[in-house]
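First up is the structure itself, then whatever we jot down about it.
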Amino acid sequence: MIWMPMYIHIIFSYLAAVGFAVFLNAPKKTLYVSGAVGMTSWTIYILLMRINFDMISSNFIAASAAALICEILARKMKKPTILFVVPGIITLIPGLGLYNTMYYLMEGDFHLALTTGTNVLLSSGSIALGVIVVSSLFRTYYKNLRDKVEVRNAS
């Protein structure tokens, strides 16, 4: 990863998340919030990488944090969670790794392509797993909480 000052990471991750939210035709009220979620997830990822976490764990933790924030925001703003999740994790997608995998394949360096491709696949899986785990736990908790309230109201 190329070292850059933290404020550059923050600014461009925010702009990337907002740009992707615009691309997905998100409502105007959610653009700034989606950008903030994307910026937060990328900032968590960068901070974890700087303290020598591996890429897969960093992606999992950052995606989990983004999913948790998105679930809370979706309830507060009464919008679908997907409006916040997709722009929130788009900054974590390992695009350079995908590019390098294809480049190494074209150059004939199959060992390096396999190594890079495996890292990309595991990182992408950790992002998906982070979102799925947190969303499932949050929705299960929310459903149980709602069921308890309905039982109390019925009594």
Side-chain angles (χ1 to χ4, degrees), residues 1-75 77 79-142:
M1 179 184 339
I2 299 172
W3 190 90
M4 291 185 297
M6 199 62 189
Y7 70 90
I8 298 290
H9 283 286
I10 290 170
I11 291 168
F12 284 106
S13 62
Y14 180 83
L15 291 174
V18 169
F20 205 83
V22 168
F23 178 71
L24 293 174
N25 292 325
K28 288 182 182 179
K29 290 181 180 181
T30 64
L31 292 180
Y32 304 113
V33 177
S34 298
V37 174
M39 176 188 68
T40 303
S41 66
W42 181 251
T43 303
I44 291 169
Y45 173 77
I46 290 297
L47 291 175
L48 290 173
M49 291 295 287
R50 286 189 179 176
I51 60 172
N52 294 325
F53 269 66
D54 61 313
M55 184 170 57
I56 297 163
S57 300
S58 299
N59 272 323
F60 178 78
I61 294 168
S64 297
L68 182 63
I69 294 167
C70 292
E71 290 288 343
I72 293 168
L73 286 172
R75 301 300 187 279
M77 297 182 76
K79 300 283 184 194
T81 308
I82 196 76
L83 287 177
F84 305 110
V85 170
V86 174
I89 64 169
I90 197 68
T91 55
L92 300 174
I93 304 299
L96 180 61
L98 290 168
Y99 174 81
N100 286 337
T101 300
M102 292 299 116
Y103 178 78
Y104 297 142
L105 278 174
M106 296 301 291
E107 292 293 315
D109 191 351
F110 298 113
H111 179 70
L112 197 52
L114 182 64
T115 304
T116 308
T118 302
N119 282 336
V120 167
L121 186 63
L122 290 173
S123 293
S124 301
S126 69
I127 293 167
L129 191 63
V131 172
I132 289 169
V133 166
V134 170
S135 293
S136 297
L137 289 174
F138 192 91
R139 290 175 189 205
T140 301
Y141 172 76
Y142 189 74

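Just so you know, these numbers come straight off a predicted model, no measurement behind them.
Contact annotation: the side chain of Arg139 approaches that of Thr81 to within less than 4.5 Å [non-hydrogen atoms, C-beta and beyond]. Contact check for Met77 versus Phe84: side-chain heavy atoms found under the 4.5 Å cut-off. Put simply, the side chain of Arg75 reaches to within 4.5 Å of the side chain of Phe138, judged on heavy atoms. When side chains are defined from C-beta on, Leu83 counts as touching Pro27, because their heavy atoms get closer than 4.5 Å. For the pair Ile93/Ile90, a side-chain contact is recorded, criterion being any heavy-atom separation below 4.5 Å from C-beta on.
Annotation: the span from Tyr32 atom OH to Met39 atom CE amounts to 14.0 Å, rounded to 0.5 Å. Atom OG1 in Thr116 sits 12.5 Å away from atom CG in Leu121 (nearest 0.5 Å). We find the NE2-OG1 distance between His9 and Thr91 to be 11.5 Å, quoted to the nearest 0.5 Å. To the nearest 0.5 Å, the span separating CD1 on Ile56 from CG on Asn119 amounts to 6.0 Å. Here the straight-line distance linking atom CG of Leu98 with atom OG of Ser124 works out to 6.0 Å at 0.5 Å rounding. For the atom pair CD1 of Ile51 and CD1 of Ile46, the computed distance is 12.0 Å after rounding to the nearest 0.5 Å.
Of all non-hydrogen atoms in Ser41 and Gly88, the two that sit nearest each other are OG-O, 2.6 Å. Counting all heavy atoms, side chain and backbone alike, Ala21 lies closest to Pro87 at CB-CG, 3.8 Å. Considering every non-hydrogen atom in both Val134 and Leu68, the closest pair reads CG1-N, 3.5 Å. In terms of heavy atoms, Thr101 sits closest to Ala113 at CG2-O, 3.7 Å. In plain terms, the two heavy atoms of Ala66 and Ile89 that are nearest each other are CB-CG2, 4.2 Å. Taking all atoms of both residues into account, the shortest heavy-atom contact from Ser136 to Thr140 is O-OG1, 2.7 Å.
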Check the pair Ile127, Phe60 against side-chain contact (heavy atoms from CB on, under 4.5 Å), reporting the backbone distance first and the verdict last.
CA-CA 5 Å; Ile127 293 167; Phe60 178 78; over 6 Å; no

Carefully, step by step, assess Thr43 and Met6 under the rule side-chain contact (heavy atoms from CB on, under 4.5 Å).
CA-CA 8 Å; Thr43 303; Met6 199 62 189; 3.4 Å; yes

Phe110/Leu114 under side-chain contact (heavy atoms from CB on, under 4.5 Å): CA gap, chis, key distance, verdict
CA-CA 6 Å; Phe110 298 113; Leu114 182 64; over 6 Å; no

Determine whether Trp3 and Arg50 satisfy the following criterion, side-chain contact (heavy atoms from CB on, under 4.5 Å), listing intermediate values before the conclusion.
CA-CA 9 Å; Trp3 190 90; Arg50 286 189 179 176; 3.6 Å; yes

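Note: Phe23 and Phe20 have tilted aromatic rings, judged against thresholds of 30 and 60 degrees for the angle between ring planes.
Side-chain atoms of Ser126 come within 3.5 Å of backbone atoms of Ser123 as a donor-acceptor pair (strictly under, hydrogens ignored).
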